[in-house]
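Per chain, numbering begins at 1; letters A, B, ... match sequence-line order.
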4 protein chains.
Amino acid sequence: MTDNGRVPTTTPRPHPGRRTELLATAASVFAEHGYSATTVRRIADEAGILAGSLYYHFDSKESMLDEILSAFLDELWAGYDAVLAAGLAPRETLRALVTESFREIDRHRAAVAIYQREARHLAGHPRFGYLAASQERFERMWLKVLRRGVAEHAFRADLDVRLAYRFLRDTVWVAASWYRPDGTHGPEEIAEQYLSIVLEGIALRE
Amino acid sequence: MTDNGRVPTTTPRPHPGRRTELLATAASVFAEHGYSATTVRRIADEAGILAGSLYYHFDSKESMLDEILSAFLDELWAGYDAVLAAGLAPRETLRALVTESFREIDRHRAAVAIYQREARHLAGHPRFGYLAASQERFERMWLKVLRRGVAEHAFRADLDVRLAYRFLRDTVWVAASWYRPDGTHGPEEIAEQYLSIVLEGIALRE
Amino acid sequence: MTDNGRVPTTTPRPHPGRRTELLATAASVFAEHGYSATTVRRIADEAGILAGSLYYHFDSKESMLDEILSAFLDELWAGYDAVLAAGLAPRETLRALVTESFREIDRHRAAVAIYQREARHLAGHPRFGYLAASQERFERMWLKVLRRGVAEHAFRADLDVRLAYRFLRDTVWVAASWYRPDGTHGPEEIAEQYLSIVLEGIALRE
Amino acid sequence: MTDNGRVPTTTPRPHPGRRTELLATAASVFAEHGYSATTVRRIADEAGILAGSLYYHFDSKESMLDEILSAFLDELWAGYDAVLAAGLAPRETLRALVTESFREIDRHRAAVAIYQREARHLAGHPRFGYLAASQERFERMWLKVLRRGVAEHAFRADLDVRLAYRFLRDTVWVAASWYRPDGTHGPEEIAEQYLSIVLEGIALRE
DNA sequence: AATGAATGAGGTTTCATTCAT
DNA sequence: TATGAATGAAACCTCATTCAT
């Protein structure tokens, strides 16, 4: 057990299946080129097999996407739920949620990048209805935290909570597009710096 | 009304630019569905012509994308250059750059959205080398402003300028994905609220 | 009147029409790239107009080809008929026919090249039935000359006339693909050298 | 009949080369209709598959052409090189080269016909640079043989070697357009008759 | 005579998917 | 599990042709 609970995803575990490896490959290609610009053949090439062989493991290209996104969201919400269940004060809740988000980026960078790029467009399809549901839940969660924070004088009274919500949402997830974990900073450190800007601003206080 | 039979120039001239119209159509479809998921036929449908007819005006789907992005970047940099030429103090420069960015989002929402989604992926292609160039110039510009601001005590001394740069960059452009100008707030007002968060933070100051 | 009756085709006569100029342009493009690889736009470009404008002058691309080929064949047969009407001996008839052929190559190089390339393929189409007719007439003409020449001891008794016919036919017309009149030799001189090889062979006689 | 259940190897093996079959089909269609008038669908029809299926085997229509021509030229030069390596006298070298050429026509009729029709036009494209190279090598080879023949009194002293070269070149290859091997004469016999005309001429010797 | 814009048919190519082996 | 070959739909693009101006 490591002290931060991180398990590098590159370690191939005993063998929960070729599927998992292939999904990781698919996710990384989707993340790099976008879902619709990614050909099934490209994924197969990257995995060292032929395109047709993927269909032994998956129904379709879409179902790979589906598995990637739903697995990611499941984990994400498990993390969020744990935070929310802790019953912290607004400011601490916000810190914990942001930190948890950066941990998810660290673990599922590819999935987060795919989510960022494709969610709006996919949310319309019935198969991906859970994306829209998740977005709404996400929004409710943040608005609630922010409103409580304003009410309890943790956040500025003049805060436009809807704007702040979008600000936080974008700010956090877009990081997936540049954050590379090989660096010296772990997700918690990055989160800390983000929070410093979000909470205190960049201007010098007089 | 004129005595030489010429129609007043305010009347829509023979075609100040069918191209321009078609590019706007293309941009809005690219923005909505993503470049590679957009079919040329969809653009044509939206424009009320047949798919093949687009090729009277453009070489290829890719060249439409190219024109959209390069026209946008040209305008964007014209705006930025005007701001930089004004020689304002760091804090005011930052305000002006952010405000200018929101104005560009207002004018070229589709182009900005496309840029957001596709730039990283495109920057590799030789044809889109100017995207990479623009990104570097963008980074240099922001880092310079932020560093000067720290040096001149406009911004916090402990600011991680690289992180703040990414923060600003993402924060500003991602707004293109949700900002809708039909609302009551113009780009300047949105910019003002963003700046308030970025500069002062969301936490209540004691 | 020149002493060989040649009129350079590049001289634009008083104005028998834009048609003639355009046909010359079309012929040269067809000759260079082949009929089906030639686009109507290419012809128009070469002529300095837009593709659609060609249709003011011609019904179709095919009708341009038709005019080019039929004009060529008309002139060719006028020349051959004059030779045949002269009632020369076989050997002199052959010389005259070959010489006349080289003159036609000189005047209608493009048309000859087109004919070479496309005749076999076109002869099937009803519209180009005259090509097949011309080919048959051509064959009959040559076989007659050769047979008479054998009978009258002008040509070798062991000559395979069908093979010799093909040999002559190919040999003469293929010259259109390399013969360039800018050189120092006129068509009559080239013909003379060809005839020397055809009649006497290249081997040294002991 | 074998005791290990394996089908005797004379039975069409799994696929010694579907590619090769398809190339033969493509070559025959290209030869008949010309490269650019040939549709990929026509080739596929002739092969009994769908047009798209060709792209499992080949990159493009152009790459089929490329393979056909380069395979042909490789074989052709292997044959010529064997002849040249034999170190025969000029007259015998010429006989052997012409005979070898007719053998190639016999084996690769389609490729030769395509070469005849398209080489000049293609030699410009970078991809087909080897065509130009081959043409130059061809020319050097023939000029050398002819010049040696003149010097060694095998051929007429007054021979215009450049003209004779073109004459031979055209004469030999154009035969591909009419020569059909189903006939009673093999390529060697046709070559013999050609050589008789080329060497001795058609005129009766007094 | 010529332009500018479009049509519509059809061409080449791509690609997710299938399936016998 | 995976391959090799193919399908079939649809994508991008080309091009001869039309037509109002």
Side-chain angles (χ1 to χ4, degrees), chain A residues 17-19 21-22 35-44 47-65, chain B residues 13-15 17-19 21-22 35-44 47-64, chain C residues 17-19 21-22 35-44 47-65, chain D residues 14-15 17-19 21-22 35-44 47-65:
Chain A
R18 191 76 214 276
R19 280 179 73 86
E21 283 170 36
L22 292 172
Y35 172 71
S36 86
T38 295
T39 68
V40 145
R41 224 198 99 175
R42 186 82 143 85
I43 299 170
I49 58 177
L50 292 182
S53 307
L54 283 172
Y55 288 79
Y56 178 79
H57 302 277
F58 305 99
D59 282 352
S60 65
K61 183 185 170 189
E62 199 181 71
S63 78
M64 294 184 222
L65 178 62
Chain B
R13 274 146 300 165
H15 269 291
R18 189 74 224 273
R19 282 178 73 85
E21 284 170 37
L22 292 172
Y35 171 71
S36 86
T38 295
T39 68
V40 137
R41 226 199 88 175
R42 188 80 145 82
I43 299 171
I49 59 178
L50 292 180
S53 306
L54 284 172
Y55 290 82
Y56 176 76
H57 302 278
F58 306 99
D59 282 351
S60 64
K61 184 185 167 187
E62 196 183 75
S63 78
M64 294 185 222
Chain C
R18 191 75 216 279
R19 281 178 74 85
E21 283 170 37
L22 292 172
Y35 173 71
S36 87
T38 294
T39 69
V40 144
R41 223 197 100 177
R42 185 81 144 85
I43 299 171
I49 59 178
L50 291 181
S53 307
L54 283 172
Y55 288 79
Y56 177 79
H57 302 277
F58 304 99
D59 282 353
S60 66
K61 182 185 170 190
E62 198 182 71
S63 77
M64 294 185 223
L65 178 62
Chain D
H15 270 291
R18 189 74 224 273
R19 281 178 72 85
E21 285 170 35
L22 292 172
Y35 172 70
S36 87
T38 295
T39 69
V40 137
R41 226 199 89 180
R42 187 83 144 80
I43 299 170
I49 58 178
L50 292 181
S53 306
L54 284 172
Y55 290 80
Y56 176 76
H57 302 277
F58 306 98
D59 283 350
S60 64
K61 184 185 167 188
E62 196 182 76
S63 79
M64 294 185 221
L65 178 61

Would you say D:R42 reaches E:dG11's phosphate, i.e. side-chain N/O to OP1/OP2 under 4.0 Å?
no
Between B:A47 and B:L22, what is the shortest heavy-atom contact and its length?
CB-CD2, 3.6 Å
Heavy-atom check, side chain of D:I49 versus side chain of D:R18, under 4.5 Å
yes
Of all the heavy-atom pairs spanning A:S36 and B:A37, show the shortest one and how long it is.
OG-N, 3.2 Å
Reading nucleotides 13-21 of chain F from the 5' end, what letters show protein touch, with B for base, S for backbone sugar-phosphate only, - for no heavy atom under 4.0 Å?
BBSSBB---
Any chance you could measure D:K61, atom NZ, to D:T39, atom OG1, to the nearest 0.5 Å?
7.5 Å
Remember a base hit wins even if backbone is also touched, and classify D:I49 as base, sugar-phosphate or nothing at under 4.0 Å, heavy atoms.
sugar-phosphate
Would you mind reading off the distance between B:Y56 atom OH and E:dA6 atom P, rounded to a whole angstrom?
8 Å
So if I take every side-chain heavy atom of B:H57 and compare against E:dA5, E:dT7, F:dG4, which nucleotide ends up nearest?
E:dA5
Considering every strand shown, what is the Watson-Crick or G-U wobble mate of E:dA1 when both distances are under 3.5 Å?
none
Give none if F:dA10 has no partner; otherwise give the nucleotide forming a Watson-Crick or G-U wobble pair with it, both distances under 3.5 Å.
E:dT13
Atom-to-atom span, CG of B:L54 to P of F:dA11 - whole angstrom
14 Å
Got more than 12 heavy atoms from elsewhere within 6.0 Å of CZ, A:R41?
no
Taking every non-hydrogen atom, the tightest pair across A:Y55 and A:S60:
CE2-CA, 3.9 Å
